[in-house]
Each structure stands twice: as C-alpha cells, then as structure tokens.
Amino acid sequence: MVGSAYAQTPFRDTAGLTLNGIEWCEENYQLYYFMGNDFFEHHHHSIESRLCGNLYNDDLWLYSEPDRYQKLIEASRMYYSLEIQESTKEAEEGKIDTKPVNIKEIPQEIEQQQKELEGLIVKESNENNIEIKTVCDEGAELIDGKCWIVDTTEGGGCLIATATYGSEMAPQVQFLREIRDNQLMDTQSGSLFMAGFNQVYYSFSPYVADMERESPLFKELVKIGITPLLSTLSVMSYAESESEVFGYGIGVILMNVGMYIAIPTMLIMKLKRTNFRKIENYLT
C-alpha cells in the first residue's frame, strides 16, 4: 500500500495533485455520484482517487473564485500527507486502505437516508391527509416525481470527449456541454433523456476514457468514430422549444442508428453476398 501511494503519475507530484490531477477529479466527479464507494475500487484504491474523494467532501470543492485550482492543489497536498500517514500506519497493522482519510458520507448513503426520511414523512402525511410537494436540493431537478442530480459544473460529465480531445476546453467538448445545458436540460423531455442516458453512459465511459489515455491509437480510432456523432448533434443547436428538442432528438437518434448500425450492417451483408458468389462461381 505504501509503495503504491508513492507511485508517480502525470496526475500528481511528490506533494499532491497537479493541475491535471484536479481536472481528472472533475472528470470523475459525476462517476463518483453514481458509483459511491465502488468508485475507489474501480480505480484500484489509487492515491489519486482517494485524494479526489477527499476534495469532493471538502467545502472547497464548491469554491468558484479564480484561484480555485490553486487552492484545490494546496488542499490535495494536505490530504496527500494524511493519506501517506494513514497508509503507513495501516501497512504496519496489516490493514488495507479503501477510502479517503476524511470521507464521511458518500452521496449514495445520503440518498438512502433521504429516502428513509421521505418514507417516514409520506407515511405520517398520508395518515393526516397532508399533500406533499417535492422540493429538490440545489444541484438537482425534479423529473417525473423524483430528484435527479444534474451536472452543471464546468467541465463535468464528458469523459470520453475530454479524453479524446485532451482538454475540457476543447471546442468539441464545449460544444457537447452547450447542447446539453442549453437545449436538453432546458426541457422536460431532454432532462428525462439525459437522466436515462447518464445511467448508461457512466457505466462504460470511464473504461473507454482510461483506454484512450493508455493507447494513442485507440484514442485516434475513438476520435474518428465520434466525429459523425458530433456532426449530427449540430442539428440540436437549432432546437428552441420542447417539441423541437423532441423532434430533432428523434431525428438525431435515427441518423446515428443509420450511420453506426444500419450502414455497417448493409456493408457487411453485401460483402458476405459478394464472397459467397465468388466461392459459388469458383466451385462451379
């Protein structure tokens, strides 16, 4: 454990996280909400993931002034020192460090507590015939009777695109963020779509992003693969109303089904028929 804690990566130096490390934490922030404690297991309980966990639970994470990155880097150095001390102590005791040193409650646990509290409130209200109006906390929106966490922080969410184009400030990443925030999240149908999409997207995107960082060739293949998707999404920038978002959204989905599924399937079937005819002619 101590050995792995001292391993060098581009995301940190010998004192704490680098700027790249803080940006990596931002990329994985939404994933942390979905995975909870499994987030640390997913990253093999690395020192980087534990430092991110510390920062996520620090009030400084919501700090928005221009010196935010510098303050987060300084805070990560404090947590790095604490992590090393804890790792050393636990190594001597034969324990395994599985969570950040300061972690208290992960979002999943908080959500469970909220559900239990809501259950008690609903039960009591039903007994007294009291109508309940759901009010979501800041950072969440009421969608289909439930509060959903909405990622509106700068740079969050686009894991694959960020890894593909190398920066959260890349024009392609900003374009995706603008489509999400300005078109989809402004409508109920778009918000519902994003809620379902995120459940699927964050189940595989961290693995794809990691593979891109490890393999430049794979990164280029992904870039080629998502270029048509970005082109079709440009249509969504013209959607201004609920009906237009729904209509254009269906159109974009059908275009991508055609490009990524229908056309390749037709080409494969055509190649198979061609090869079959060649073999048939050869035999006859």
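Residue indices begin at 1 and follow the sequence shown.
Between L17 atom CG and L72 atom CG the span is 9.0 Å, to the nearest 0.5 Å. Here the CD1 atom belonging to I250 is positioned 9.0 Å from the CZ atom belonging to F193, to the nearest 0.5 angstrom. Residue F39 holds its CZ atom at 4.5 Å from OH of Y56, rounded to the nearest 0.5 Å. With values rounded to the nearest 0.5 angstrom, R273 atom CZ is found 8.0 Å from K270 atom NZ. Atoms SG and CH2, on C52 and W24 in that order, are 5.0 Å from each other to the nearest 0.5 Å. Atoms SG and CG, on C25 and L31 in that order, are 12.0 Å from each other to the nearest 0.5 Å.
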Evaluate L159 against V208 for side chain to side chain contact (heavy atoms under 4.5 Å, CB included), listing each step before the verdict. CA-CA 9 Å; L159 303 183; V208 176; over 6 Å; no
Would Q85 and S81 count as a side-chain hydrogen bond (donor to acceptor under 3.5 Å, both in side chains) if you check the C-alpha gap in whole Å, the side-chain angles of each, and the deciding distance to 0.1 Å? CA-CA 6 Å; Q85 293 176 27; S81 177; 3.3 Å; yes
Go through the steps to decide whether I179 and N182 satisfy the test side chain to side chain contact (heavy atoms under 4.5 Å, CB included), and finish with yes or no. CA-CA 5 Å; I179 292 294; N182 298 335; over 6 Å; no
Please test Y79 against R50 for side chain to side chain contact (heavy atoms under 4.5 Å, CB included), starting from the C-alpha separation and ending with a verdict. CA-CA 9 Å; Y79 288 125; R50 285 181 281 135; over 6 Å; no
Are Q172 and I226 close enough, and set up right, to give a side chain to side chain contact (heavy atoms under 4.5 Å, CB included), and what steps lead you there? CA-CA 10 Å; Q172 296 86 349; I226 67 176; over 6 Å; no
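Below 30°, between 30° and 60°, or above 60°: for W61 and Y29 the angle between ring planes is between 30° and 60°, a tilted geometry. Classification of the Y201-F197 ring pair by plane angle, with boundaries at 30° and 60°, yields parallel.
By the rule that hydrophobic residues join a cluster once side-chain heavy atoms approach within less than 4.5 Å of another member, L176 and M255 end up as members of one cluster. A single hydrophobic cluster is seen to contain both L233 and Y260, as judged by linkage of ILVMFWY side chains at heavy-atom distances under 4.5 Å, directly or through other members. In the hydrophobic clustering of ILVMFWY residues, with side-chain heavy atoms under 4.5 Å counting as a link, V222 and I224 come out apart. Taking hydrophobic clusters as Ile, Leu, Val, Met, Phe, Trp and Tyr residues chained together by side-chain heavy-atom distances below 4.5 Å, M266 does not share a cluster with V257. Residues L60 and Y69 are members of one and the same hydrophobic cluster, defined by side-chain heavy-atom contacts under 4.5 angstrom among Ile, Leu, Val, Met, Phe, Trp and Tyr.
Two residues are said to be in side-chain contact when any heavy atoms from C-beta on lie closer than 4.5 Å; E48 and H43 fail this criterion.
Defined by atom type and a distance below 3.5 Å, a donor-acceptor pair is present between the side-chain atoms of Y32 and N57.
Heavy-atom minimum distance, P206 versus H42: CB-NE2, 3.6 Å. L55 and A75 get closest at one heavy-atom pair: CD2-CB, 3.9 Å. Residues Y248 and V235 come closest through the heavy atom pair CD1-O, 3.7 Å. What you find for E212 and I160 is that their closest heavy atoms are OE2-O, 3.3 Å. The minimum heavy-atom distance between A163 and K219, with the atom names listed, is O-CE, 3.2 Å. The two atoms that bring Q188 and E242 nearest to each other are N-OE1, 3.2 Å, heavy atoms only.
Between the side chain of D58 and the backbone N or O of N54, no donor-acceptor pair lies under 3.5 Å. Looking only at distances, no side-chain donor or acceptor of R77 sits under 3.5 Å from a matching main-chain atom of G16.
The number of heavy-atom neighbours closer than 6.0 Å to CZ of F246, taken from other residues, nucleotides and ligands shown, is 12 or below.
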